[in-house]
J.: 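Supplied in structure tokens, the structure appears directly below.
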Number of protein chains: 2
Amino acid sequence: MGAAKETLGEEQPWAEVSPDAARRLLIAAVEAFAERGYHATTTRDIAGRAGMSPAALYIHYKTKEELLHRISRLGHEKALAVLRTAADGGGTAAERLADAVRSFVRWHAGHHMTARVVQYELDALGPEHRTEIVALRRKSDAAVREIINDGVRAGEFDVPDVPGTTLAVLSLCIDVARWFNTAGHRTPDEVGALYADLVLRMVGAEPGVAGAGAGAGVAG
Amino acid sequence: MGAAKETLGEEQPWAEVSPDAARRLLIAAVEAFAERGYHATTTRDIAGRAGMSPAALYIHYKTKEELLHRISRLGHEKALAVLRTAADGGGTAAERLADAVRSFVRWHAGHHMTARVVQYELDALGPEHRTEIVALRRKSDAAVREIINDGVRAGEFDVPDVPGTTLAVLSLCIDVARWFNTAGHRTPDEVGALYADLVLRMVGAEPGVAGAGAGAGVAG
DNA sequence: CACTTGCCTAAGCGCTTGCTCACCCGCAGG
DNA sequence: CCTGCGGGTGAGCAAGCGCTTAGGCAAGTG
């Protein structure tokens, strides 16, 4: 019952980071940044969590900011991939929107530590890194807006303000990273299902048109 | 056109803070915390923005954390007051919910600097101050949940999961503080109207039941 | 064996941080 | 005039910060 330590869901996804010491440092940084924020986290803290001396960090990363950049980029790429998989899947616009919201929310809840860093520590990045990440965000926005536009064109949705509604839908999903595991005892799957339903209502889709639809895991 | 510097809407609300120097410091702190975050803001920066020497801050506030606490408490109290005014107003549940969301969102957009600090710098508070603020938050949650429960009882709303939907509604409103004036050219009134409509859809209210409803200003 | 290479540490440098302290100034009361 | 007092400053302290440097140690290669 309840959310497991996330470690199970968090240790495999960073498999692309090597060598092993660099990955351990990155995981330690994700935890520290998520708990206390980037600026309140010291390099000594990160190294300590990874079981290393402070200097070890600088063998694998040039600066503390580079660590945040790596986390932010990888995290955004994964979240975007999850979104696009659903967006490019088959089915009606309602089905695709429900699928997108369900998996996007599931990712944010299941990886809420990573998601929190990715979504809320953006301002701590340097200017160039920041603009790079903002570009990735715009792609997420475009993916959602496209589905909603499709639904409007097909007559499935009733949406007076498409950009505004797109913004609200994404905002709703992203904010999951802030409150998840701070507020309650829901599983990522439950939150994903609830939010998919709420979003279908927001766009005025016919009730029950894309209701159930399980789906595999949280994905990497 | 567009959002004025917020200064107009921000300088009067802090009228309850005295003496004048203490208020200037507090306003400077709100700006700095909102722009860069609590931990990235230095006491020298705050004092500088207020046109004072670094030491002047400690005449009016014991610590930097006390400044954040003051901002957080006053901000939460104001936001809660705005919410309750709408919640305790007359009318159907749909009307009250729309009113609550509209004014709550309008406050978050109109005072987005204060709101950002209030909503996103909570973890920077010390333990006791933090729990005090969390208690205020629960009251906001209760206010919204009560309206939704009323609507369900009256048969106005169709809400399978009341706690979950309450959480989502508040989450949606709060996140306005994150993206407002970073994303676009909407006025607080426009965002409030859009969000009130979206929330009515989320709870399955009859369309057009609490549609227009202007309302005065953003309130203090 | 000697020598290189990759990973890691102990020590610490230069700087900034939150905060303090001794002192100063304008002004009201006597 | 002097005195006291609330509000202000300049200088600076102790601590902690991000990051560097010199060196150690185990494994791989001739």
Side-chain angles (χ1 to χ4, degrees), chain A residues 14-72 117 121-130, chain B residues 14-72 117 121-130:
Chain A
W14 298 113
E16 65 254 61
V17 180
S18 72
D20 184 73
R23 177 171 53 251
R24 265 159 49 219
L25 283 164
L26 190 135
I27 292 170
V30 167
E31 287 177 15
F33 292 163
E35 276 177 28
R36 316 148 79 105
Y38 175 81
H39 289 292
T41 299
T42 69
T43 55
R44 281 166 241 263
D45 184 20
I46 297 169
R49 282 179 196 245
M52 293 163 150
S53 87
L57 197 151
Y58 295 92
I59 295 165
H60 302 280
Y61 302 94
K62 247 192 332 218
T63 64
K64 177 179 150 189
E65 196 260 359
E66 191 196 315
L67 244 176
L68 176 62
H69 174 56
R70 280 259 218 289
I71 293 168
S72 214
V117 177
E121 301 292 344
L122 204 114
D123 298 324
L125 287 168
E128 316 104 57
H129 287 165
R130 212 190 105 96
Chain B
W14 298 113
E16 65 254 64
V17 181
S18 72
D20 184 73
R23 178 170 53 250
R24 266 160 48 221
L25 282 165
L26 190 135
I27 291 170
V30 167
E31 288 177 14
F33 291 164
E35 277 178 26
R36 315 148 80 106
Y38 175 81
H39 289 291
T41 300
T42 69
T43 55
R44 280 166 242 263
D45 184 21
I46 297 169
R49 282 178 197 244
M52 295 163 148
S53 85
L57 197 152
Y58 295 91
I59 295 165
H60 301 281
Y61 302 95
K62 246 193 331 218
T63 63
K64 179 179 150 190
E65 195 261 0
E66 190 196 315
L67 245 177
L68 177 62
H69 173 56
R70 281 259 217 290
I71 294 168
S72 213
V117 177
E121 300 292 344
L122 204 115
D123 298 324
L125 288 168
E128 317 104 58
H129 288 163
R130 213 190 104 97

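Chain letters run A, B, ... following the sequence lines, proteins first, then strands; residues in each count from 1. Keep in mind that what you see is a predicted model, and the values were worked out from it rather than measured.
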J.: Within this structure, what is the CG-CD distance for the pair Leu68(B) and Glu121(B), rounded to the nearest 0.5 Å?
T.: 7.0 Å
J.: Near DNA chain C, counting only heavy atoms under 4.0 Å, which residues of residues 48-63 of chain A show up?
T.: Met52(A), Ser53(A), Ala55(A), Ala56(A), Ile59(A), His60(A)
J.: Is Arg49(B) paired with Glu35(B) through a side-chain N to carboxylate O contact shorter than 4.0 Å?
T.: yes
J.: Need two values: the first and the last nucleotide of DNA chain C, 5' to 3', having an atom under 4.0 Å from any heavy-atom of chain A.
T.: dC8(C) to dG12(C)
J.: Any donor-acceptor pair under 3.5 Å linking the side chain of Lys64(A) with the backbone of Tyr38(A)?
T.: yes
J.: Does Arg44(B) or Tyr38(A) map to a spot on DNA chain D nearer the 5' end, using the closest nucleotide for each?
T.: Arg44(B)
J.: Applying salt bridge (charged side-chain N to carboxylate O under 4.0 Å, His left out), name anything that partners Glu66(B), two or more places apart in sequence or on another chain.
T.: Arg70(B)
J.: Evaluate side-chain contact (heavy atoms from CB on, under 4.5 Å) for Arg24(B) paired with Met52(B), printing each intermediate quantity in order.
T.: CA-CA 10 Å; Arg24(B) 266 160 48 221; Met52(B) 295 163 148; 3.6 Å; yes
J.: Suppose we screen for ring-ring contact (aromatic ring centres under 6.0 Å, His included). Which residues come up paired with His69(B), at least two apart in sequence or across chains?
T.: His129(B)
J.: Who are the side-chain contact (heavy atoms from CB on, under 4.5 Å) partners of Arg44(A), not counting sequence neighbours?
T.: Thr42(A), Pro54(A)
J.: Starting at CG of Leu25(A) and ending at P of dC19(D), how long is that distance when rounded to a whole Å?
T.: 14 Å
J.: By the ring pair (Phe, Tyr, Trp, His ring centres under 6.0 Å) test, which pairs, at least two apart or in different chains, include something from residues 40-63 of chain A?
T.: none
